Every structure is written in C-alpha cells, then in structure tokens.
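Read through the structure below, which is laid out as structure tokens, and then see the notes.
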Amino acid sequence: MPRRPFACFLVKSEPDAYSIDDLARERRAPWDGVRNYQARNIMRDRMKKGDPVFFYHSNASPPGLVGLARVASAAKPDPTQFDPSSPAYDPRATPDAPRWWLVDLEFVEKFPRFVPLAELRADPALDGMELLRRGSRLSVQEVEDRHALRLLELAGARSRWAKRIRAELAARTNA
DNA sequence: GCCAACGTTGGC
DNA sequence: GCCAACGTTGGC
C-alpha cells in the first residue's frame, strides 16, 4: 500500500509571538492555540506526518516567507483548550469532546533568501495562492503543488529534504 | 496607529 | 436563519 503523496501547507506566525528562530531552537513544537475552525479542519483532516509546511512571518516588517517545517505527528487535541490559565482556554471543550486539534511541527530550514510578501504578490506564478487573497487571514493553509514549487525556488531552499520535495513537485507538476 | 476585512456571537 | 455588534488579524 503506497503512502499517500504528500500535500503542502503554510502556517503564519507573528515573529514576536513565535518565530522561525524559535522553532529552530526548539526543533519541534505543538502548533497550539489555533482557534479558527477552517484552520483546525486543515490540521485535523488534511495534514499528515511528513508533509512540508512553509513558515510565514505575519505582522512583521516586512512580512514574508522565512522557512520550511514538516508535520511531525498525527492530529491530536490541543491541550491548551483544557488549561484555564492559557489564553487559548476554551471552557466549552472537554477531554471527551475536544474542540481544537493540532499537529506537531519540526524545523527543517530557515531559507537562504527571505521572500517578502510584496515579492510574493508581484509573482504571476503565485496567482491564486490563498495567502495572497485580499483580506485572507487563515493562519493554516493548504498550498498547491505549483505554488509550493515556486516558493522553494524563490527562497533558494537548500536542505536535502527540500531538494527532494522540490524534485517530486517538479515531476508531479509536469505529469 | 489606522483601518479594512474577516469570523464569531447572540438577540430576535 | 438573519444580521448587527464586536473582537481580531494583519498590511501599511
């Protein structure tokens, strides 16, 4: 039984709250505190262990694409929803009926080239990306193959794993 | 700091 | 089910 082909994703984070450097330091982190149903559904239903995840800095100056991570776990309940001392506490959730889900992310690389939002917007190859939609606020998004391939090119991704992903995306996109 | 766009809540 | 009010996101 062949493994499902990977799908690509993107997460946004405000670097003041949690940056790519934080993930680089921690190596691996639960992507907790997400309180949007669409974003939850993507983590719970779409992300699989081993999928590539682009890391984007929002509310930064300038905002832009900074690195690459990888889904490192299956989806599981977000423990912060049960913790009254957490800002992400949700009194409606119970361990028997969790409302919010997360996956763990692991650090892969900080890109050699930071790609500012303005450059992403100016690139015709990225037309149609969720991130670039007017008024888009979704903090966990799926990324189409052709867009993922372009992002890896623009950022000059150089990790061995990124190169493998890139080759596979190129093959898939041409198929 | 401003403000447009968005998602959620809650009255009806 | 509608929709106004509200809080949040995030670019600029």
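Just so it is clear: chains get the letters A, B, ... in the order the sequence lines come, proteins before strands, and each one is counted from 1. Please read these numbers as outputs of a predicted model, since none were measured by experiment.
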A/R92 near the nucleic acid: base, sugar-phosphate alone, or nothing, with a heavy-atom cut-off under 4.0 Å? sugar-phosphate
Measure CZ/A/R40 against C1'/B/dG7 and give the value in whole Å, please. 14 Å
Taking the inter-plane angle between the rings of A/W31 and A/Y18 on a 0 to 90° scale, is it parallel (under 30°), tilted (30 to 60°) or perpendicular (over 60°)? perpendicular
Given atom CG of A/L132 and atom P of C/dG11, what is their separation to the nearest angstrom? 11 Å
Of all the nucleotides listed (C/dC12, B/dG7, C/dG10), which has the minimum atom distance to the side chain of A/Q38? B/dG7
Taking atom CD of A/E130 as the centre, does the number of heavy atoms from other residues, nucleotides or ligands within less than 6.0 Å exceed 12? yes
Starting at CG of A/N59 and ending at C1' of C/dG10, how long is that distance when rounded to a whole Å? 5 Å
Using only side-chain N and O atoms of A/K12, determine if any of them is under 4.0 Å from OP1 or OP2 of C/dT9. no
Other ILVMFWY residues reachable from A/W100 by side-chain steps of under 4.5 Å: A/Y37
Would you indicate, yes or no, if C/dT9 has its OP1 or OP2 atom less than 4.0 angstrom from a side-chain nitrogen or oxygen of A/Y56? no
Correct closest heavy-atom pair for A/A93 and A/Q81 would be CB-OE1, 3.2 Å
A/R137 CZ to B/dG7 P, in whole Å, measures 6 Å
Distance in angstrom units between A/D16 CG and C/dT9 P, rounded: 14 Å
Given the side-chain rings of A/F6 and A/W161, with only the six-membered ring counted for Trp, is the space between their centroids under 6.0 Å? no
Less than 4.0 Å between a side-chain N and a carboxylate O, is that true for A/R150 and A/D123? yes
If you count every heavy atom of other residues, nucleotides or ligands that lies below 6.0 Å from A/R158 atom CZ, does the total exceed 12? no
What residues in residues 121-128 of chain A put a non-hydrogen atom under 4.0 Å from any atom of DNA chain B? none
Atom pair distance, as rounded to whole Å: CD in A/E130 and P in C/dT9: 16 Å
In whole angstrom, what separates A/L138's CG from C/dG10's C1'? 13 Å
Here the distance between atom P of B/dG7 and atom CZ of A/R133, to the nearest Å, is 8 Å
